[in-house]
Every structure is written in C-alpha cells, then in structure tokens.
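Take a look at the structure set out below.
Protein chains get the first letters and strands the later ones, always in sequence-line order, with residue 1 at the start of each. Excluded from the calculations below are hydrogen atoms, water molecules and symmetry mates; all remaining heavy atoms, backbone and side chain alike, are included.
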2 protein chains.
Amino acid sequence: MQTLTRNQQIIFDIINKSSEPLKAYTILSNVQKKGIKAPPQVYRALDKLIEMGKIHKIESKNAFVACQNSSCNVSKATAFSICESCEEVTEISNSKISKYLSNFAEKAGMEYKKYNLEFFGLCKKCK
Amino acid sequence: MQTLTRNQQIIFDIINKSSEPLKAYTILSNVQKKGIKAPPQVYRALDKLIEMGKIHKIESKNAFVACQNSSCNVSKATAFSICESCEEVTEISNSKISKYLSNFAEKAGMEYKKYNLEFFGLCKKCK
DNA sequence: AGTTTATTGTTATAAAATAACATTATGTAA
DNA sequence: TTACATAATGTTATTTTATAACAATAAACT
C-alpha cells in the first residue's frame with residue numbers, strides 16, 4: 001500500500017470528493033491556493049495516481065475520476081457508462097465483464113495488459 | 001449511401017490509405033497542398049466522417065482510422081487493440097463482443113447508444 | 001555523510017480542438 | 001428561375017490539453 005506524496009494527496013482528495021470527472025485545468029485552478037501553480041505539477045500527480053490505480057482517465061472527456069472499486073489498485077481495466085444527457089459518469093464494477101474481455105483479448109492473440117471501455121447513452125434517470 | 005464532399009473525400013482518402021491511425025495535424029500537413037489550410041476544415045470533415053461511421057477516433061491516442069468493418073455505417077460501437085510496443089492499432093470486428101456488451105449495458109439500466117473499447121498490450125508479433 | 005532516485009518548482013512551448021464570423025455552394029419549394 | 005433555407009467552406013484568432021527542459025529539494029539507500 002503506497003502512500004501518497006503531498007501533491008498527490010491534494011490532487012487525489014479533490015478528485016475523490018468530486019461527484020463528477022474533473023479536468024486537469026479545473027483541478028489546477030482548485031489547488032493553486034495550496035501552492036500547486038503549474039500544469040506539470042498536476043499532470044505528474046495525475047500520472048502517478050493513474051499508475052497506482054487510484055484514479056482513472058475518461059479518455060473521451062479528458063477528465064479524471066477516483067476509482068470506485070476498492071480492490072482496484074492497479075489500473076488494469078476500466079469501464080464507464082457516460083450519460084449523454086446529464087453527463088453522469090459511472091464506473092462499472094466489472095468482474096464478469098473483465099473476465100469476458102480479457103478472455104477475448106487472449107483469444108485474439110494479444111498479450112493483454114489492460115483495457116478501457118466507455119459506454120455512451122442515457123442513464124436510468126434520463127431515459 | 002451518403003456521398004462525400006470534396007474535403008471529406010480528401011481527408012477520408014488519406015486516413016484510409018494509412019496503415020496507422022493519423023492525428024488531425026498530421027492530416028492537415030498532408031492536405032495543405034490540396035488547399036485545406038486550417039484546423040477547422042480538418043476537424044469538420046473528421047466529425048462528419050465519424051458521424052457517417054467511415055472513420056473512428058482512437059480516444060487514447062487522439063488519432064483517426066478508417067473503419068475496417070464493411071457493414072459499419074454508423075459509428076455505434078468500436079473496439080481496438082493497441083500494441084504498446086509497435087503501436088499497431090487493429091480494429092476488432094465484433095459481432096460477439098458487441099452483442100455481449102450491448103446486453104451488458106441494457107442490464108445495467110442504461111439506454112445504450114454506443115461504446116468505445118480500447119485494449120492495450122502486446123500484439124502477436126511483439127509478444 | 002555521500003550517492004542515487006524520486007518528487008517538486010518553474011518557464012516556456014507544443015499539440016489538440018474550437019469559437020466566431022464571412023463566404024460560397026447546394027438543395028428545395030413557390 | 002428566383003428566393004429562401006441549409007449545409008459546407010474559408011479564415012483568423014483563441015482556447016484547451018499536455019509536455020519539454022532544466023533547476024532545486026526531498027527521500028531512500030549503503
């Protein structure tokens with residue numbers, strides 16, 4: 001269990017408290033009062049947090065969310081549903097889907113390391 | 001069957017001929033001699049081509065590939081494997097996986113429209 | 001303590017995407 | 001065919017996202 005450095009902790013806290021994915025520059029503007037002033041500081045922390053599996057990047061949105069999956073300490077596989085109406089992003093906890101997809105990748109002849117899956121549509125509330 | 005406009009055709013041809021995903025500004029530099037001079041012209045064509053399902057965006061790479069799936073004329077569902085060594089990107093033709101995933105989304109309570117799936121690892125050659 | 005390794009701070013810049021507005025082309029319906 | 005609407009294009013400027021490069025600190029190791 002890796003401990004976070006100061007910058008990593010500050011940035012993780014903000015992402016973790018947020019109810020929605022945060023963009024790097026939104027994070028930046030929220031931590032400038034704490035002395036984190038420049039983009040590289042944010043991006044470096046984000047990179048490490050992703051490596052540790054503490055956060056994930058929503059590629060289609062260039063935004064970052066805390067991992068909801070308590071067992072997820074390596075960022076091996078991520079799956080999200082994204083509502084095109086209310087923009088809600090939900091992490092799909094995914095033992096089944098994960099098993100299915102890793103199997104699929106192996107069959108396809110790939111030495112599989114991770115995947116990223118993003119569903120788009122309307123969430124329960126919006127449909 | 002929709003016909004392409006001049007700019008769309010030029011840009012589709014370049015993507016279609018390429019053996020690898022192309023970035024918007026790479027495309028731009030390749031079409032400037034044909035009179036397409038500015039980013040918006042490229043991005044507009046890309047957006048339309050995506051709508052038509054002629055190309056897909058590899059979100060994790062900000063790059064674009066022609067659709068390999070002849071039946072794919074709506075960009076409903078995309079799946080790619082990306083080799084982290086040689087950078088090869090392959091579209092996975094995906095009736096099974098597609099069925100599985102759309103089922104999965106429905107069960108999760110989502111009104112599903114499309115998904116994007118990106119596998120990372122080592123391809124056959126590189127592993 | 002001295003050395004390596006990781007993290008941080010900082011400035012500048014690169015890369016990716018879009019806003020805004022003027023212009024031209026295409027389709028369509030009286 | 002003319003008038004109107006719609007779509008596509010051209011253009012300039014700007015915004016947004018991400019990284020290069022290098023100096024300074026801090027932490028971990030022997």
Value in whole Å for how far the [atom2] atom of [N] lies from [atom1] of [X]:
X: B:Ile36; N: D:dT9; atom1: CD1; atom2: P; value: 8 Å
X: B:Ile10; N: D:dA8; atom1: CD1; atom2: P; value: 15 Å
X: B:Leu4; N: C:dA25; atom1: CG; atom2: P; value: 19 Å
X: A:Arg6; N: C:dG9; atom1: CZ; atom2: C1'; value: 12 Å
X: B:Leu46; N: D:dA8; atom1: CG; atom2: P; value: 14 Å
X: A:Gln8; N: C:dG9; atom1: CD; atom2: P; value: 12 Å
X: A:Lys48; N: C:dT7; atom1: NZ; atom2: C1'; value: 8 Å
X: A:Asn7; N: D:dA27; atom1: CG; atom2: C1'; value: 15 Å

For A:Phe120, which fellow cluster members are found when Ile, Leu, Val, Met, Phe, Trp and Tyr are connected by side-chain heavy-atom distances below 4.5 angstrom, either directly or through intermediates?
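Members alongside A:Phe120: A:Ile58, A:Val65, A:Phe80, A:Ile82, A:Val89.
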Between [X] and [N], does any side-chain N or O lie under 4.0 Å from OP1 or OP2?
X: B:Gln41; N: D:dG10; result: yes
X: B:Thr5; N: D:dT9; result: yes
X: A:Lys37; N: C:dG9; result: no

Spell out protein contact along nucleotides 12-18 of chain D as letters: B when the base is contacted, S when just the sugar-phosphate is, - when no protein heavy atom is under 4.0 Å; keep the 5' to 3' order.
B----BB
Can you say whether the rings of A:Tyr100 and B:Tyr100 are parallel (under 30°), tilted (30 to 60°) or perpendicular (over 60°)?
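Correct class here is parallel.
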In residues 18-36 of chain A, what donor-acceptor pairs under 3.5 Å come from side-chain atoms, sequence neighbours left out?
residue : atom : partner : partner atom : Å
A:Ser18 : OG   : A:Glu20 : N            : 3.0
A:Ser18 : OG   : A:Glu20 : O            : 2.5
A:Lys23 : NZ   : A:Lys61 : O            : 3.3
A:Ser29 : OG   : A:Thr26 : O            : 2.9
A:Asn30 : ND2  : A:Thr26 : O            : 2.8
A:Gln32 : NE2  : A:Lys37 : O            : 3.4

Rounded to the nearest 0.5 Å, how far does OG1 of B:Thr78 lie from NZ of B:Lys57?
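Reported to 0.5 Å precision, the distance equals 11.5 Å.
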Taking the side chain as every heavy atom from C-beta outward, state whether B:Phe104 and B:Met110 have any pair of such atoms under 4.5 Å apart.
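In short, these two side chains do not touch, never coming nearer than 4.5 Å.
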So, do B:Leu101 and A:Phe119 sit near enough that their side-chain heavy atoms are less than 4.5 Å apart?
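Heavy-atom side-chain distance check passes, below 4.5 Å.
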List for me each residue that meets side-chain hydrogen bond (donor to acceptor under 3.5 Å, both in side chains) alongside B:Asn16, sequence neighbours excluded, and say none if there are none.
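Counting only residues at least two positions away or on another chain, B:Asn16 forms no side-chain hydrogen bond (donor to acceptor under 3.5 Å, both in side chains).
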Residues forming a side-chain hydrogen bond (donor to acceptor under 3.5 Å, both in side chains) with A:Asn103, sequence neighbours excluded:
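Once residues adjacent in sequence are excluded, A:Asn103 has no partner under the side-chain hydrogen bond (donor to acceptor under 3.5 Å, both in side chains) criterion.
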Under 4.0 Å between a Lys/Arg side-chain N and an Asp/Glu carboxylate O for B:Glu88 and B:Lys125?
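Yes.
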For DNA chain C, what dot-bracket results from Watson-Crick or G-U pairs at under 3.5 Å, with [ ] for crossers and | for inter-strand partners?
||||||||||||||||||||||||||||||
